[in-house]
Number of protein chains: 2
Amino acid sequence: MMSEIQLKDPQEVLNALRSVKGVHGAAIIEKFGLVRDSALPGWIDADSIAAMVTLIQKASERATKELSQGQFLRAIIESEKGKLIFAEVVGKIVVIVATEDVKLGIVNLKLDAARDALKKL
Amino acid sequence: MMSEIQLKDPQEVLNALRSVKGVHGAAIIEKFGLVRDSALPGWIDADSIAAMVTLIQKASERATKELSQGQFLRAIIESEKGKLIFAEVVGKIVVIVATEDVKLGIVNLKLDAARDALKKL
């Protein structure tokens, strides 16, 4: 029996995330802030965003540890004209750059699919 | 005519936030990470959380600037067993430590009320 649509490589995972209405693009960041794969528009400097996201994620991990809140799952940074969303996915960080009115529910569903796909790679 | 319940000082603002179901406590942080007012339970070290939140907020501000997303509004850090929410409010940061199932809609309403109250102080 055929299975549902499968995401076969990281680039497909990112394209699936980018297909969500309001999402400008997405990237996968390795530990230490290295960009592994990126599907970001030209006006976004992936390396620069990766460095900042890694810094935020490290500080978030320390904060959640200090608060005994368990493992860091996800962060949402909201600003006037956009949202920056990133999640820990199989030891990497998936970061999503989106408009302020992006539907977080849909992004979360796609992130869950991304998690399942990246686990198998 | 009597107005609705007014929040008269920062401590009342924090108590109103703490009254939300799932909220462990809240604090107001000045620039540079100094705790101005705090209504946090004893097991949370306010100074330590303030330092981390300030670091995350600075990095978030740089990221949103880099992405031309306008002014930083709010960040939500989600972990397995809790949420850390903080917002820029009249030049200060209001940070809220909550359980993972806290209702963000209610927290946001209270944050709006906190913003209005802090503006008048």
Side-chain angles (χ1 to χ4, degrees), chain A residues 22-27 29 33 40-41 43-88 93 95-102 104-105 107-108 111, chain B residues 22-27 29 33 40-41 43-88 93 95-102 104-105 107-108 111:
Chain A
V23 171
H24 294 306
I29 305 168
L40 289 168
W43 55 272
I44 298 177
D45 178 9
D47 290 332
S48 163
I49 293 303
M52 290 176 213
V53 162
T54 303
L55 181 62
I56 298 172
Q57 195 249 359
K58 294 279 168 228
S60 300
E61 270 185 355
R62 272 170 46 204
T64 54
K65 193 177 173 186
E66 172 79 26
L67 293 166
S68 309
Q69 287 190 336
Q71 213 198 320
F72 169 83
L73 295 178
R74 185 172 43 203
I76 304 160
I77 315 289
E78 299 182 9
S79 41
E80 279 177 309
K81 291 184 281 184
K83 284 193 169 74
L84 180 66
I85 303 144
F86 55 92
E88 166 105 33
I93 305 171
V95 55
I96 296 162
V97 183
T99 57
E100 74 275 23
D101 54 359
V102 69
L104 288 177
V107 169
N108 285 340
L111 267 176
Chain B
V23 170
H24 293 306
I29 305 169
L40 289 169
W43 54 273
I44 298 177
D45 178 9
D47 290 332
S48 162
I49 292 304
M52 290 176 211
V53 162
T54 303
L55 180 63
I56 298 172
Q57 194 249 1
K58 294 279 168 227
S60 300
E61 269 185 356
R62 273 170 46 204
T64 54
K65 194 178 173 187
E66 172 80 25
L67 294 167
S68 309
Q69 287 190 336
Q71 212 199 320
F72 169 83
L73 295 178
R74 185 173 42 204
I76 304 159
I77 315 289
E78 299 181 8
S79 42
E80 280 177 307
K81 289 184 280 182
K83 282 193 170 73
L84 181 65
I85 303 144
F86 54 92
E88 166 104 35
I93 305 170
V95 55
I96 296 162
V97 182
T99 57
E100 75 276 22
D101 55 357
V102 68
L104 287 177
V107 169
N108 286 339
L111 267 176

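The figures here come from the full heavy-atom set of this structure, side chains too, leaving out hydrogens, waters and symmetry mates. Proteins come first, then strands; the chains are lettered A, B, ... in the order of their sequence lines, and each starts at number 1.
- With a 4.5 Å cut-off on non-hydrogen atoms, A/Ile77 touches chain B through its backbone and its side chain both.
- Atom CD1 of B/Ile44 sits about 5.0 Å away from atom CG of A/Leu67, to the nearest 0.5 Å.
- Contacts of A/Lys83 with chain B are made by backbone atoms alone, with heavy-atom separations under 4.5 Å and no side-chain atom involved.
- Listed by first and then second residue, the side chain to side chain donor-acceptor pair (under 3.5 Å) pairs involving residues 69-79 of chain A are A/Gln69-B/Ser79, A/Arg74-A/Asn108, A/Arg74-B/Glu78, A/Glu78-B/Arg74, A/Ser79-B/Gln69 (not counting sequence neighbours).
- Note that the NZ atom of A/Lys81 and the CG atom of B/Leu73 stand 11.5 Å from one another [nearest 0.5 Å].
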I'd like a table of donor-acceptor pairs (distance under 3.5 Å, sequence neighbours excluded) in which one partner is a side-chain atom from residues 45-55 of chain A, with atom names and distances.
| unit_1 | atom_1 | unit_2 | atom_2 | d |
| --- | --- | --- | --- | --- |
| A/Asp45 | OD1 | A/Asp47 | N | 3.3 |
| A/Ser48 | OG | B/Glu66 | OE1 | 3.4 |
| A/Ser48 | OG | B/Glu66 | OE2 | 3.4 |
| A/Thr54 | OG1 | A/Ala50 | O | 2.7 |

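- If you measure heavy-atom distances from A/Ser68 to chain B, the contacts under 4.5 Å come from the backbone alone.
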